[in-house]
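Hydrogens, waters and symmetry mates play no part in the numbers below; they use all other heavy atoms, side chains included. Every value quoted in this text rests on a predicted model; they were computed, and no experiment measured them.
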Amino acid sequence: MSDNGWSADRIDTESAHSARIYDYILGGKDYYPADKEAGIAMSREWPALPIHMRANRDFMNRAVRYLAEEAGIRQFLDIGTGIPTSPNLHEIAQAVAPDSRVVYVDNDPIVLTLSQGLLASTPEGRTAYVEADMCEPATILDAPELRETLDLTRPVALTVIAIVHFVLDKDDANGIVNRLLEPLPSGSYLAMSIGTADFAPAEVARVAREYAARDMPMRLRTEDEANRFFDGLEMVEPGLTQVHKWRPDGTVTETIKDEDIAMYGAVARKP
């Protein structure tokens with residue numbers, strides 16, 4: 001349970017939430033009993049779940065560092081930010097380039113109440129927070145916070161990390177990502193991690209059932225389906241791969257087996 005003293009007026013404390021389950025499994029403190037119960041149940045069904053979640057977080061760190069260091073990106077639009085966990089995206093980018101600008105987007109009230117942790121920018125840079133649903137991309141792109149922070153005539157990295165598996169076919173995840181990419185200029189990038197059951201189908205299916213039982217149905221995608229998010233873009237080497245295999249930098253010391261990871265990851269450039 002949170003020690004941060006934020007108001008629970010808008011937060012459903014009786015139901016588990018994906019961001020808070022993630023926080024619990026990663027060892028955070030911003031969760032409720034329902035989230036803890038869900039995290040325990042899911043980890044019981046698939047003991048590798050914490051390894052999988054840490055690997056996804058590590059992929060985000062490496063992808064952002066690549067975008068800032070090697071691709072020279074100075075603007076980031078992060079969709080489905082989740083509960084602040086250091087290092088946050090802006091901390092990684094601004095450690096490379098202090099003038100980096102970041103806009104975070106989430107629709108979970110708890111993320112809004114904790115968003116001060118996302119707004120501690122360097123003096124040279126800037127961060128902003130938009131409360132919006134990714135299924136409404138126009139609301140995100142038209143938000144004053146975004147327009148005042150990012151210059152859409154210059155390249156932007158769109159980061160969509162560990163969120164599209166909660167977007168069902170009826171909501172058209174590919175269309176949402178394309179609409180978010182559309183106004184970004186040539187030289188922009190897309191970085192994504194995408195849930196899959198390709199490597200541990202039985203275990204991941206059991207975890208998905210636990211989410212669905214708590215009103216969080218999932219749409220897990222095959223390798224071919226994951227690749228479609230990057231149609232028309234130029235893949236950065238090594239292309240689409242399991243997140244722990246995307247440009248490992250030697251900082252992860254635990255041994256990770258392929259069957260312990262249920263997430264594809266990739267970074268691609270908009271030509």
Side-chain angles (χ1 to χ4, degrees), residues 16-29 31 35-66 80-83 85-89 92 159-167 173 191-214 216-230 235-268:
H17 188 283
S18 58
R20 301 195 306 259
I21 295 169
Y22 190 79
D23 183 72
Y24 167 74
I25 291 176
L26 288 181
K29 61 183 185 307
Y31 58 86
D35 309 303
K36 180 177 180 179
E37 180 276 328
I40 291 171
M42 292 167 185
S43 297
R44 184 168 56 243
E45 293 293 349
W46 189 31
L49 187 59
I51 297 170
H52 157 82
M53 289 185 171
R54 285 194 298 271
N56 176 72
R57 187 78 189 179
D58 291 337
F59 163 76
M60 186 276 286
N61 294 352
R62 295 194 305 277
V64 171
R65 194 174 303 112
Y66 164 82
T81 296
I83 292 171
T85 303
S86 189
N88 293 296
L89 190 154
I92 300 166
T159 57
V160 186
I161 305 297
I163 188 67
V164 292
H165 50 275
F166 292 116
V167 181
M192 289 186 71
S193 62
I194 302 156
T196 184
D198 283 358
F199 301 95
E203 295 86 346
V204 174
R206 293 198 299 268
V207 173
R209 283 197 293 271
E210 292 289 342
Y211 273 103
R214 293 162 177 83
M216 291 177 281
M218 302 176 77
R219 171 62 163 90
L220 299 164
R221 291 174 171 85
T222 64
E223 183 177 10
D224 285 345
E225 290 171 327
N227 263 310
R228 287 177 202 148
F229 285 102
F230 302 93
M235 281 286 202
V236 171
E237 289 295 332
L240 185 82
T241 185
Q242 285 177 283
V243 289
H244 67 300
K245 295 180 176 180
W246 194 90
R247 293 181 173 239
D249 57 8
T251 60
V252 177
T253 57
E254 65 183 330
T255 300
I256 300 177
K257 298 179 290 186
D258 289 357
E259 58 266 32
D260 289 345
I261 303 298
M263 201 81 75
Y264 285 115
V267 176

If you look at every heavy atom in Ile83 and Ala19, which pair is closest and at what distance? CD1-O, 3.8 Å
Any donor-acceptor pair under 3.5 Å linking the side chain of Arg221 with the backbone of Val164? yes
My understanding is that only one of Phe59, Phe199, Phe229, Phe230 makes a ring pair (Phe, Tyr, Trp, His ring centres under 6.0 Å) with Tyr264; could you say which? Phe199
Mind listing the closest non-hydrogen atom pair of Met216 and Ala16 along with its distance? CE-O, 3.8 Å
Minimal heavy-atom distance between Ser193 and Ala162, with the atoms involved, is OG-N, 2.8 Å
Backbone N or O of His52 within a donor-acceptor pair of the Asp260 side chain at under 3.5 Å? no
Is there a donor in the side chain of Asp224 and an acceptor in the side chain of Thr222, or the other way round, less than 3.5 Å apart? no
Determine, stepwise, if the pair Arg206 / Glu210 fulfils salt bridge (charged side-chain N to carboxylate O under 4.0 Å, His left out). CA-CA 6 Å; Arg206 293 198 299 268; Glu210 292 289 342; over 6 Å; no
Heavy-atom pair with the smallest gap, counting every atom of Val167 and Arg219: O-CB, 3.7 Å
Under the criterion side-chain contact (heavy atoms from CB on, under 4.5 Å), I'd like the reasoning laid out for Glu225 against Ile194: C-alpha separation, chi angles, the key distance, then a yes or no. CA-CA 10 Å; Glu225 290 171 327; Ile194 302 156; over 6 Å; no
Residue of the set Ile25, Ile21, Val207 for which side chain to side chain contact (heavy atoms under 4.5 Å, CB included) holds with Ser43: Ile25
Search all heavy atoms of Met60 against all heavy atoms of Pro87 and return the closest pair with its distance. CE-O, 4.2 Å
Looking at CG of Leu240 and CE of Met192, how far apart are the two atoms once the value is rounded to the nearest 0.5 Å? 10.0 Å
Given Met53, which partner from the list Leu49, Asn56, Ile51 fulfils the side chain to side chain contact (heavy atoms under 4.5 Å, CB included) test? Leu49
Got Arg54 and Pro50 here, is their nearest side-chain heavy-atom distance under 4.5 Å? yes
Within this structure, what is the CD1-CG distance for the pair Ile161 and Asn61, rounded to the nearest 0.5 Å? 9.5 Å
To the nearest 0.5 Å, atom OG1 of Thr196 lies from atom CD of Glu223 at 8.5 Å
For side-chain contact (heavy atoms from CB on, under 4.5 Å), just list the numbers for Glu259 and Glu203, CA-CA rounded to whole Å, side-chain angles, deciding distance to a tenth of an Å, and then say yes or no. CA-CA 9 Å; Glu259 58 266 32; Glu203 295 86 346; over 6 Å; no
Rounded to the nearest 0.5 Å, the CG atom of Asp258 sits from the CD atom of Gln242 at a distance of 4.5 Å
Do you know the tightest heavy-atom contact between Arg247 and Pro238? CG-CD, 4.0 Å
Determine whether a donor-acceptor pair (N or O, by modelled atom type, separation under 3.5 Å) exists between the side chain of Asp35 and the backbone of Tyr24. no
Find the distance between OG (Ser86) and CD1 (Ile92) and round it off to the nearest 0.5 Å. 8.5 Å
Distance col, row Arg65:CZ vs Asp249:CG, nearest 0.5 angstrom, shows 6.0 Å
